[in-house]
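Every chain is numbered from 1, with letters handed out A, B, ... down the list of sequences.
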Amino acid sequence: MAKTPIAFSLNGMERSMFVDPGQNLLDALRRGVGDLSPKYGCAQGTCGTCSVLVDGKLQLACITLAEAVAGSSVTTTAGLADGSELHPLQRSFMDNFAAQCGYCTPGMLMAAKALLDRNPSPQRQDVVEAISGNLCRCTGYEPIIDAILKAAAFMRTRGRP
Amino acid sequence: MIKVDTYRAVAEAEASMDGQSRYMGGGTLVMRDLNYGSYGFERLVRCTDPRLNSVRRDRGRIVIGAGLTMAECAENRDLAFLAAPAMGVGGPAVRNMATVGGNLFAPPPFGDFATAMLALDARVRTAGGEELGIEALLASRRTFRRIVTEIEFLPPPRGGFRFRKVSRVKPKGVSVLSICALLPQSGGRIRGARIAFNGMGATPLRATGSEAALEGRPLDRNGIAPALDAALQGLSPADDELATSWYRRTVAPVYLRRMLLERSHAY
Ligand SMILES: Cc1cc2nc3c(=O)[nH]c(=O)nc-3n(C[C@H](O)[C@H](O)[C@H](O)COP(=O)(O)OP(=O)(O)OC[C@H]3O[C@@H](n4cnc5c(N)ncnc54)[C@H](O)[C@@H]3O)c2cc1C
Ligand code: FES
Ligand code: FES
């Protein structure tokens with residue numbers, strides 16, 4: 001079956017590739033482009049570890065048709081850091097022990113980024129809602145919620161996007 | 001292998017549909033099937049017509065595009081009464097993708113938004129201009145191969161629309177059941193209630209026993225008692241991995257009572 005050519009922006013870089021009919025975005029990113037930061041968990045939209053931003057909106061890459069992102073701007077966890085400087089969310093996750101096995105971490109970071117882009121001063125309940133589609137089997141969620149709230153506070157004082 | 005065809009015009013997309021084609025809205029369910037190789041179609045049909053995401057008024061009725069996402073619906077001030085059922089669907093990422101049209105076809109335990117459409121007595125329009133009531137659509141949805149373009153309904157009277165989702169996993173889990181009620185009142189008495197359950201049958205279903213028992217009654221503890229007794233008439237919940245039929249039959253009248261009496265669930 002014929003492949004479809006698509007062009008999109010990935011973490012600010014223009015990308016062109018061929019995708020298979022019905023191929024999901026997670027597979028296209030991991031196997032096609034080599035961006036391994038969105039993780040493969042359930043492939044059914046349930047765990048959230050494949051979360052990415054498509055035109056600024058949180059989406060699940062495993063249930064996004066790859067060819068549907070043609071012309072869009074996709075952001076993955078690999079695009080969060082500024083060179084060697086970690087994004088405040090990443091640093092806060094490290095400082096607050098918000099990752100144990102780390103499998104949920106990329107999805108949690110993207111869900112948190114989507115929240116803070118929209119609401120720089122979230123309440124605890126906003127954070128709980130924002131990560132409600134992301135499963136973590138290790139931390140009990142509390143360190144993740146704290147890390148996001150602390151990153152938000154830091155970003156408000158430092159003004160980093 | 002699957003073939004994917006994308007159309008700009010929805011009429012063209014519908015005209016291309018055959019028995020081997022499946023329309024994709026937000027894809028939150030279709031893509032799962034594709035990922036797991038368990039799909040009974042050869043061709044996926046998509047449409048990029050922006051009119052599928054519109055919200056408009058037409059002679060007092062609200063008309064929403066079938067491609068509207070749950071997130072768009074929850075954020076739209078004109079649709080504030082639908083924020084609870086829209087926010088009841090999945091987490092933020094699912095809501096950015098899941099469409100209201102797709103929810104009408106989502107098998108149990110899904111269909112929370114469709115339950116609200118049933119309570120509102122919505123009508124749907126297809127790309128070919130056909131119009132049908134929500135009950136007819138739900139009854140025929142397994143074999144329905146047209147594309148729904150619009151869903152329309154009358155806005156509910158203020159304070160007369162309620163939704164409640166019952167799930168075991170907090171804060172977000174799929175429904176054990178969900179309930180939605182349209183409760184118009186006149187002189188402090190219910191007139192023409194519509195109550196819909198999800199999770200109590202193969203599709204969202206009306207609790208016609210409760211609706212009849214509420215007619216002319218006040219919305220208080222005594223007034224709703226006959227409606228609770230009649231809540232299960234015509235409903236036949238299944239046993240599944242989320243709950244047994246017995247559990248659903250036991251808790252459905254309890255949650256109906258809470259929803260009818262608790263004003264915090266009213267829009
Ligand atoms: C993690 C997760 C959690 C979920 N939680 C919930 C939940 O809490 N509540 C809930 O109700 N649902 C839930 N869902 C299910 C699903 O996301 C929603 O039901 C959604 O509204 C389906 O819409 P869609 O556009 O994604 O459908 P699609 O996957 O695009 O399509 C689903 C079906 O509908 C048909 N269809 C879609 N649009 C149209 C149209 N315009 N005309 C004709 N046929 C059409 C398709 O052909 C297909 O058969 C969840 C899904 C996931 C992955
Ligand atoms: S891998 Fe996408 S949600 Fe689990
Ligand atoms: S840190 Fe292991 S799943 Fe979250």
Can you tell which part of A114(A) gets under 4.5 Å to a heavy atom of chain B, answering side chain, backbone, both or neither? neither
So if I apply the side chain to side chain contact (heavy atoms under 4.5 Å, CB included) rule between C50(A) and each of C62(A), P106(A), C42(A), which one comes out positive? C62(A)
If I take atom CZ from residue F144(B) and atom CG from residue L104(B), how far apart are they, to the nearest 0.5 angstrom? 9.5 Å
Please assess K113(A) against D117(A) for the test salt bridge (charged side-chain N to carboxylate O under 4.0 Å, His left out), listing each intermediate value before the final yes or no. CA-CA 6 Å; K113(A) 168 105 168 67; D117(A) 285 351; 2.9 Å; yes
Below 4.5 Å, heavy-atom pairs only: which of L65(A), V128(A), I131(A), N134(A) has the largest tally toward chain B? L65(A)
Contact winner vs chain A - M97(B), K172(B), K170(B), heavy-atom pairs under 4.5 Å: M97(B)
For the interface with chain A, which of N96(B), V169(B), D33(B) has the highest count of heavy-atom pairs at distances below 4.5 Å? N96(B)
Find the one option among L60(A), T46(A), I63(A) whose heavy-atom pairs under 4.5 Å with chain B are most numerous. I63(A)
Most chain B-contacting option - heavy-atom pairs closer than 4.5 Å, from A43(A), A130(A), A111(A): A43(A)
Counting only heavy atoms closer than 4.5 Å, note whether T4(A) contacts chain B via side chain, backbone, both or neither. neither
Rounded to the nearest 0.5 Å, how far does OH of Y7(B) lie from CE of M17(B)? 10.0 Å
Ring of F113(B), cation from R95(B) - is the NZ or CZ under 6.0 Å from the centre and inside 45° of the axis? no
Say you draw a straight line from OG of S16(A) to CZ of F8(A); how long is it, rounded to the nearest 0.5 Å? 8.5 Å
I'd like to know if D126(A) and R124(A) make a salt bridge, using a cut-off of under 4.0 Å between side-chain N and carboxylate O. no
Measuring from atom CZ of R125(B) to atom CD1 of I151(B), what distance do you get when rounded to the nearest 0.5 angstrom? 11.0 Å
Please classify the contact of T48(B) with chain A as side chain, backbone, both or neither, using a heavy-atom distance under 4.5 Å. neither
Going by distance alone, is a donor N or O of one side chain under 3.5 Å from an acceptor N or O of the other, for T64(A) and Q59(A)? yes
Residues of residues 22-38 of chain A under 4.5 Å from chain B (heavy atom pairs)? G22(A), Q23(A), N24(A)
Salt bridge or not between R164(B) and D112(B)? Use side-chain N to carboxylate O under 4.0 Å. no
